[in-house]
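Scroll down for the structure; my scribbles are underneath it.
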There are 2 protein chains.
Amino acid sequence: MTLQLDPRQNHLLAALPRDKYERLAPHLERVDLTLGESLVESGMMMRHVYFPTDCIVSLLCVMETGDSTEIAVVGAEGIVGISLFMGGETTPSRAVVQSAGTAYRLKGQLLKDEFDRASTLQFLLLRYTQALITQMAQTAVCNRHHSLDQQLCRWLLLSLDRLPTNELVMTQELIANMLGVRREGVTESAGKLQKAELISYHRGRIRVLDRPGLEARVCECYPVVKKEYDRLLSYHRPG
Amino acid sequence: MTLQLDPRQNHLLAALPRDKYERLAPHLERVDLTLGESLVESGMMMRHVYFPTDCIVSLLCVMETGDSTEIAVVGAEGIVGISLFMGGETTPSRAVVQSAGTAYRLKGQLLKDEFDRASTLQFLLLRYTQALITQMAQTAVCNRHHSLDQQLCRWLLLSLDRLPTNELVMTQELIANMLGVRREGVTESAGKLQKAELISYHRGRIRVLDRPGLEARVCECYPVVKKEYDRLLSYHRPG
DNA sequence: CTTGCTGTGTACGCTAACGCACGGAAACGA
DNA sequence: TCGTTTCCGTGCGTTAGCGTACACAGCAAG
């Protein structure tokens, strides 16, 4: 595992031309992220942006009551901390590690400098941000119109797409927090999937047994987001 | 009314330095938009971006079933067509005129050229886009956690903020489409507000009688979005 | 082996919102 | 003036998801 680690497992970094990448590379700092760790707090100034390589980060809106909702999820295809280059510096949302792993971080100012050169990096980051916007919009739609069963499928598939394995370390309680629903609701929906032999569940470990089965149950929100990510982030990897 | 019309009623255009504005001004084309008109269709390439001056445009996600949900609303503070400068060219959502009025449009390529100069315009548009992202995220949260009553208040206030008057031309049917709920649900919630003498409602015309009353009933989603817009879009108007 | 904690299953009443159906009233057009 | 359409109000059975409560099984620490 350790041997394989390379910042360019992150797709954005991988898509940079060699010279631009090498300008940034010395400043990339490896960080090992643990489940539940918070990378960004609501309204707090960030010092770094994070490029995940094999972890997943959830963007959450937390409300006054403490209830929360995941509005998007970021993996190796993306970056955490878009407000740094978008110009707002802060956001009213949190970023929490949903699946432990590694990321590379970069000082905000360095990223911003590179971004402001109207470089390849700017091009990549803006397209990525547009994909992220689509994910958020579709989350809003899904929250409004689709059943918990469908939302759970969507969530599993989105997570799965960002993991190297088909096993996912996550309690029902945490999933409930992400989806902004009751834990018992997740138990019930997950139970259905288990009975259908699409997943197998055991004390905080989910194994996905039948991915096509999940795709058959999921609402349109998942394919809409997936297609948009594919479309917007399918640049060639340069030499 | 006609006399007052000036592209610089749009806040983004107004915030441009004089020389940059005058470079764009000859290419700004006035368009009068009618209720229900569609500016952008899902997946369709756009030729123009639109700067509203006194109209409101809704960004909608439409699903296979025909059900829709508003994910954000744009008025004189913003621009319609962010995917043109974000780089994706298209989006999977629609943009529909929610309140008739005027906008100024600009050929996409001209905007993109100006944007790519890393100009003031780029700065403004990116900050605006971040604000828009917040609005979408909060819409997702609101859809998940808050009652229709609260959501209606939020919607009314967001619309009100983008109108010069306290009167709003909009049937309950249309509001229901925006919020992604049943028409009857809107009837009921609006009825409550009417009984409380916060609004008065009559065949597609809503007058807001007691704005503080609405603000007292609305969920936190409204102030969160409002504050973020104020924070991100409070640049000085140049000489 | 016991104790305690964490994660999961289940049950029950409750409520907001849904789908559907209908009625009436205001505007509109001929 | 009369019919038609648009818009709003209301009622009713249904349902998904909520809040609460509790039972139980794995797992870890003592």
Side-chain angles (χ1 to χ4, degrees), chain A residues 34-36 63 65-70 98 140-156 167-196 198-207 217 219, chain B residues 34-36 63 65-70 98 140-156 167-196 198-207 217 219:
Chain A
T34 59
L35 182 63
M63 309 181 347
T65 60
D67 290 333
S68 60
T69 300
E70 181 183 88
Q98 184 202 92
V141 172
C142 206
N143 282 353
R144 160 70 57 220
H145 290 286
H146 298 137
S147 69
L148 179 46
D149 287 18
Q150 292 177 305
Q151 291 181 47
L152 180 58
C153 287
R154 173 177 62 87
W155 190 89
L156 286 172
E167 183 157 318
L168 209 139
V169 177
M170 178 73 36
T171 66
Q172 299 187 344
E173 176 82 40
L174 286 178
I175 297 181
N177 287 144
M178 302 290 177
L179 294 180
V181 298
R182 280 185 322 152
R183 196 265 316 161
E184 293 89 330
V186 174
T187 301
E188 201 176 322
S189 286
K192 290 182 198 169
L193 296 182
Q194 182 139 344
K195 257 176 204 134
L198 304 180
I199 65 174
S200 103
Y201 215 127
H202 184 64
R203 289 189 76 74
R205 307 191 91 83
I206 314 173
R207 265 187 312 146
R217 292 204 175 200
C219 50
Chain B
T34 59
L35 182 64
M63 307 179 347
T65 61
D67 290 333
S68 60
T69 300
E70 182 184 88
Q98 184 203 97
V141 173
C142 205
N143 282 353
R144 160 69 59 219
H145 291 286
H146 299 136
S147 70
L148 178 46
D149 287 17
Q150 292 178 305
Q151 291 182 46
L152 180 58
C153 288
R154 173 177 62 87
W155 190 88
L156 286 171
E167 184 158 317
L168 211 138
V169 178
M170 176 75 34
T171 66
Q172 300 187 342
E173 177 83 38
L174 286 179
I175 297 180
N177 287 145
M178 302 290 176
L179 294 180
V181 297
R182 282 185 320 154
R183 197 265 316 160
E184 296 89 327
V186 174
T187 301
E188 200 176 321
S189 285
K192 290 183 198 169
L193 296 182
Q194 183 140 345
K195 256 176 204 135
L198 303 181
I199 65 173
S200 103
Y201 212 102
H202 185 64
R203 290 190 76 73
R205 306 192 93 82
I206 313 173
R207 266 187 312 145
R217 291 202 175 203
C219 49

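The chains referred to below are lettered A, B, ... by the order of the sequence lines, with proteins before strands, and numbering in each begins at 1.
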Separation of D:dG17 P from A:Arg144 CZ (nearest whole Å): 13 Å

Flag, side chain of B:Asn143 to backbone of A:Arg144, donor-acceptor distance under 3.5 Å: no

Name each donor-acceptor pair under 3.5 Å that joins a side chain in residues 168-184 of chain B to protein atoms two or more places apart or in another chain, with its distance.
{"unit_1": "B:Thr171", "atom_1": "OG1", "unit_2": "B:Leu174", "atom_2": "N", "d": "3.2"}
{"unit_1": "B:Gln172", "atom_1": "OE1", "unit_2": "B:Thr187", "atom_2": "OG1", "d": "2.6"}
{"unit_1": "B:Arg183", "atom_1": "NH1", "unit_2": "B:Thr187", "atom_2": "OG1", "d": "3.0"}

More than 12 heavy atoms of other groups within 6.0 Å of A:Gln194 CD: yes

Partners passing side chain to side chain contact (heavy atoms under 4.5 Å, CB included) against A:Thr34 (at least two apart in sequence or in another chain): A:Glu37

Between the first and last five pairs of the helix from C:dC1-D:dG30 to C:dA30-D:dT1, the angle of the axes, rounded to 10 degrees: 30°

Hey, what are the protein-to-nucleotides 8-11 of chain D N/O distances that come in under 3.5 Å?
{"unit_1": "D:dC8", "atom_1": "OP1", "unit_2": "B:Gly204", "atom_2": "N", "d": "2.6"}
{"unit_1": "D:dC8", "atom_1": "OP2", "unit_2": "B:Gln172", "atom_2": "N", "d": "2.8"}
{"unit_1": "D:dG9", "atom_1": "OP2", "unit_2": "B:Gln172", "atom_2": "NE2", "d": "3.0"}
{"unit_1": "D:dG9", "atom_1": "N7", "unit_2": "B:Arg183", "atom_2": "NH1", "d": "2.9"}
{"unit_1": "D:dG9", "atom_1": "O6", "unit_2": "B:Arg183", "atom_2": "NH2", "d": "2.8"}

pair B:Leu156-B:Leu198: side-chain heavy atoms closer than 4.5 Å: no

Residues which pass salt bridge (charged side-chain N to carboxylate O under 4.0 Å, His left out) with A:Arg205, listed by chain and number, not counting sequence neighbours: A:Glu167

Leading and trailing nucleotides of DNA chain C with any atom under 4.0 Å from heavy atoms of chain B: C:dA17 to C:dA27

Test side-chain hydrogen bond (donor to acceptor under 3.5 Å, both in side chains) applied to A:Glu70 - qualifying residues, sequence neighbours left out: A:Ser58, A:Gln98, A:Trp155

side-chain contact (heavy atoms from CB on, under 4.5 Å) between A:Leu148 and A:Glu188, intermediate numbers included: CA-CA 9 Å; A:Leu148 179 46; A:Glu188 201 176 322; over 6 Å; no

Residue list, side-chain hydrogen bond (donor to acceptor under 3.5 Å, both in side chains) with A:Arg154, at least two apart or on another chain: none

With A:Gln150 via side chain to side chain contact (heavy atoms under 4.5 Å, CB included) - residues at least two apart: A:His146, A:Ser147, A:Cys219

